[in-house]
2 protein chains.
Amino acid sequence: MARNLQDHILQTASALFYSQGIKATGVDTIVKAAGTTKMSLYKYFPSKDDLVLAHLSKSREAMLNRILAGMEQHASEPKQKLLAVFAVFDELSSSPEFRGCPFINAAAEFAEASNPVQLAAAEFSDTFQQILTDLARQAGARNPEALSQQLAMLISGAMVSEQRRRESGAMRTAAAAAKVLIEQSLACAE
Amino acid sequence: MARNLQDHILQTASALFYSQGIKATGVDTIVKAAGTTKMSLYKYFPSKDDLVLAHLSKSREAMLNRILAGMEQHASEPKQKLLAVFAVFDELSSSPEFRGCPFINAAAEFAEASNPVQLAAAEFSDTFQQILTDLARQAGARNPEALSQQLAMLISGAMVSEQRRRESGAMRTAAAAAKVLIEQSLACAE
DNA sequence: TTGCAACTATACAGACCGGTATGTATTATT
DNA sequence: AATAATACATACCGGTCTGTATAGTTGCAA
């Protein structure tokens, strides 16, 4: 499981933050769930805020790795990779543990623009967008930035939709839209 | 301004809930901002939860009215009305007060599935979706449900995107995608 | 065996929150 | 003038939150 206590605490907290919400999850709850004590938690994470940011950082890595791995596994050509991203998110949002996008949710919980959580959310968003833009460019899209932004919006929207109504097939419907947009963007480019 | 104290309190609370977040806005803050006292607030709203639900109900009405008004004003044909919805949301998300979708944000703050806030969010989502589906059907779309879901996802995604990065032109990019999807859905139906 | 570091156990401080109790001032109606 | 409705002022309660202080326990290594 967890190699050391620090990882174990982070893993426990991360799961609770994602499933119950960040503000709704108290430090005592985390400590009890992890089978440890507050003193140990505060040894590794000087404040709850630090723990929250560690959770977002961990989520960021996990998400990006999953996306990149899914892309490499299911496709070789740029165009197919773009569609593979939707397959990854479909698998992700089909899981019973799915509770929406951790970054969208966290950013909604910490509304102040100056909050570090906002920065973490924007950071993930930018990285993800960049991946899509590069693929769109490689695929030869007419306007890679616009296409990638559209695809990202479809994915965000589908996550929100799926969160609101489970088993709505939102991600597959989004993928169908993506296919149309990609084809259209490539057709005009040829 | 506000005809009576109850409306005034709700209006003040609504603005704070939307701009600062619901959990981040304490009752004392609302009372101070409204220039009244807790006793008066609790006379009209038996609990903060009631106030929150009233805020969502008010937001629901305001949003739907704005959408319907914008539709009637800018267009007469179903297809044009669908596009007019994006114009409404573009205007909405261009305002400096824009802080994302109040329902997406609220639902993220109250993560438990059984929470009434979740129901309120789903209720708006369903109503909005129904409006789009009817229009899509009237316009003669091949698959009205799928098309309307795609358009709704584009709008949700654009709101999230615009919230993350202001002035990103997300809603206009979403509208461009919508145009393609609508055209394609109608072309196949002819 | 001794010593040290990691971890546990528990209690508590201080702030904040939602909500209530008690009493007063203002205004309109009759 | 008496009454009732509305709103204000202020203090308080119980609970929860993050974060800390203090003391005890375990395990491992020299």
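Being a predicted model, the structure only gives us computed values, none of them experimental. All values below come from the heavy atoms of this structure, side chains included, with hydrogens, waters and symmetry mates left out. Throughout, a chain's letter reflects where its sequence line sits, starting with A, and its residues are numbered from 1.
- Counting only N and O atoms by type, the side chains of B:R165 and A:S125 include no donor and acceptor under 3.5 Å apart.
- As a whole-Å value, the separation of A:I30 CD1 from D:dG19 P is 11 Å.
- Residue A:K32 contributes atom NZ, which lies 12 Å from atom P of C:dA9 at whole-angstrom precision.
- A heavy atom lying under 4.0 Å from DNA chain D marks the following residues of residues 41-53 of chain B, by number: B:K43, B:Y44.
- Close placement of the A:F128 and A:F89 rings is indicated, their centers lying within 6.0 Å of each other.
- B:T36 has a side-chain polar atom (N or O) that falls below the 4.0 Å cut-off from OP1 or OP2 of D:dC8.
- Side-chain contacts under 4.5 Å among hydrophobic residues (ILVMFWY), followed directly or transitively, place A:M39 with no other residue at all.
- For the pair A:L5 CG and D:dT26 P, the interatomic distance rounds to 17 Å; values are reported in whole Å.
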B:Y18 vs B:F103, ring pair (Phe, Tyr, Trp, His ring centres under 6.0 Å): CA-CA, chis, key distance, verdict: CA-CA 10 Å; B:Y18 179 61; B:F103 301 100; 9.7 Å; no
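- In this structure, A:M39 atom CE and D:dT20 atom P are separated by 8 Å, rounded to whole Å.
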Under 3.5 Å, sequence neighbours excluded: what are the donor-acceptor pairs made by side chains of residues 152-159 of chain B?
{"from": "B:S156", "atom 1": "OG", "to": "B:A152", "atom 2": "O", "distance (Å)": "3.1"}

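- B:Q130 and B:D134 form a side-chain donor-acceptor contact under 3.5 Å, judged by distance and modelled atom types alone.
- Rounded to whole Å, the distance from CD1 on B:I9 to P on D:dA7 is 8 Å.
- The interatomic distance linking B:K23 (NZ) with C:dC17 (P) rounds to 14 Å, in whole Å.
- Here C:dA6 presents its P atom at 22 Å from NZ of A:K38, a figure rounded to the nearest Å.
- Closest contact between the side chain of B:S40 and the listed nucleotides D:dA7, D:dG19, C:dA9 involves D:dA7.
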